[in-house]
Amino acid sequence: MFDLKGRVAIVTGGNGGIGLGMARGLAGAGARVVVAARNQEKSRKAVRELEQAGGQALALAVDVADEASVNALVKSTVEQCGRLDILVNNAGINIRKQPQEYTLAEWRQVLDTNLTSAFLCSRAAYPAMKAAGGGKIVNIGSMMSIFGASFVAAYGASKGGIVQLTKALAAAWAKDHIQVHAVLPGWIDTDLTQAARRQVPGLNENVLRRTPAGRWGAIDDFAGIAVFLAAPASDFITGAVITVDGGYSVQG
């Protein structure tokens, strides 16, 4: 039920943070993982790590906000690996400012990187998955998909959009045996949130107080959910929105 041998997975932004945690899980379950990102040195390091742990992986360059680059990523994956079964839309950025301080260019940069990229990658992957008889798409949202904060107008809008995009794709592609889900991370210890802790006074204390598990999440907390949503075990589940947050979102 959880065997991914013979499957091929693309993980955008898979060279670090939550993406790397998911890539570890997928590779450990037998999938061949394509680490897709802009920083090729960092991607090669991630590939070496996955291979040293016994997995199969390769690195491909991509700009997830560029349609031609995304199409080339999927084409190269199918050419080199023979198929595409799993897509994790993880690449993302944040620009922390009050709404009135955003430039239009900054707004578009966050929306294009976080939301439009998920559409482009999913659309590009669809023909290959359909040809393979089905597939799995996992979109990475955020607690900001459901909560608001004054300093994440663009990020929150993009991650709220991820949830609705997920539901639309799930409804459209279920007939093709393609399941689509959204995973909403809580406060996870990554480079992105380490920067947030420096920029937002009291954030660390507030997270620890609010999270029933009493800790920040780790990237390896995403290995299991990645395998479950990519494996045959979840074939009759689609359009799910799953929090991975140590209980943060259950607090009133």
Side-chain angles (χ1 to χ4, degrees), residues 8-19 22-23 32-44 46-47 57-95 102-132 134-142 145 154-174 176 178-183 192 230 239:
V8 174
I10 291 175
V11 183
T12 68
N15 58 9
I18 290 168
M22 289 194 153
R32 188 176 185 186
V33 176
V34 176
V35 176
R38 285 183 295 185
N39 187 330
Q40 284 298 277
E41 182 179 349
K42 189 176 178 182
S43 293
R44 285 190 289 268
V47 166
L58 71 152
L60 291 176
V62 67
D63 177 354
V64 294
D66 181 82
E67 182 177 16
S69 182
V70 167
N71 291 342
L73 165 67
V74 172
K75 184 174 184 289
S76 295
T77 296
V78 174
E79 287 176 349
Q80 295 187 50
C81 303
R83 58 189 294 135
L84 174 59
D85 306 279
I86 302 156
L87 169 64
V88 179
N89 285 312
N90 166 75
I93 62 168
N94 192 5
I95 298 174
Y102 274 96
T103 66
L104 181 58
E106 289 171 333
W107 172 270
R108 286 175 171 163
Q109 182 185 5
V110 174
L111 268 290
D112 285 349
T113 304
N114 295 3
L115 178 57
T116 303
S117 67
F119 164 71
L120 291 175
C121 291
S122 299
R123 187 185 64 177
Y126 172 74
M129 290 185 173
K130 185 176 180 181
K136 307 279 188 170
I137 298 174
V138 180
N139 297 319
I140 306 304
S142 166
S145 296
Y155 183 83
S158 71
K159 293 302 186 178
I162 280 288
V163 170
Q164 295 308 116
L165 175 64
T166 295
K167 293 179 179 181
L169 298 182
W173 295 345
D176 300 307
I178 297 171
Q179 291 85 50
V180 190
H181 303 287
V183 170
L192 198 66

Euclidean distance, L115 CG relative to K159 NZ, rounded to 0.5 Å: 9.0 Å
Audit row: V11, V33, side chain to side chain contact (heavy atoms under 4.5 Å, CB included) steps and yes/no: CA-CA 7 Å; V11 183; V33 176; 4.1 Å; yes
Are [X] and [Y] packed together at the side-chain level, in the sense that at least one heavy-atom pair is separated by less than 4.5 angstrom?
| X | Y | answer |
| --- | --- | --- |
| N89 | I137 | yes |
| N139 | S122 | yes |
| T12 | C121 | yes |
| N90 | M22 | no |
| E67 | R123 | yes |

Minimum-distance pair of heavy atoms, taken over all atoms of A91 and G13: CB-N, 4.1 Å
Exercise: identify the closest heavy-atom pair between I93 and Q109: CD1-CG, 3.6 Å
Is a side-chain donor or acceptor of [X] paired with a backbone partner of [Y] at a separation under 3.5 angstrom?
| X | Y | answer |
| --- | --- | --- |
| S69 | V62 | no |
| S158 | V110 | no |
| K130 | G135 | no |
| Y126 | I178 | no |

Working for side chain to side chain contact (heavy atoms under 4.5 Å, CB included), residues V35 and K42: CA-CA 10 Å; V35 176; K42 189 176 178 182; over 6 Å; no
Audit row: D176, M129, side chain to side chain contact (heavy atoms under 4.5 Å, CB included) steps and yes/no: CA-CA 8 Å; D176 300 307; M129 290 185 173; over 6 Å; no
Of V34, V8, L58, the residue whose pairing with Q80 passes side chain to side chain contact (heavy atoms under 4.5 Å, CB included): L58
Within 6.0 angstrom of E41 CD, more than 12 heavy atoms from elsewhere: no
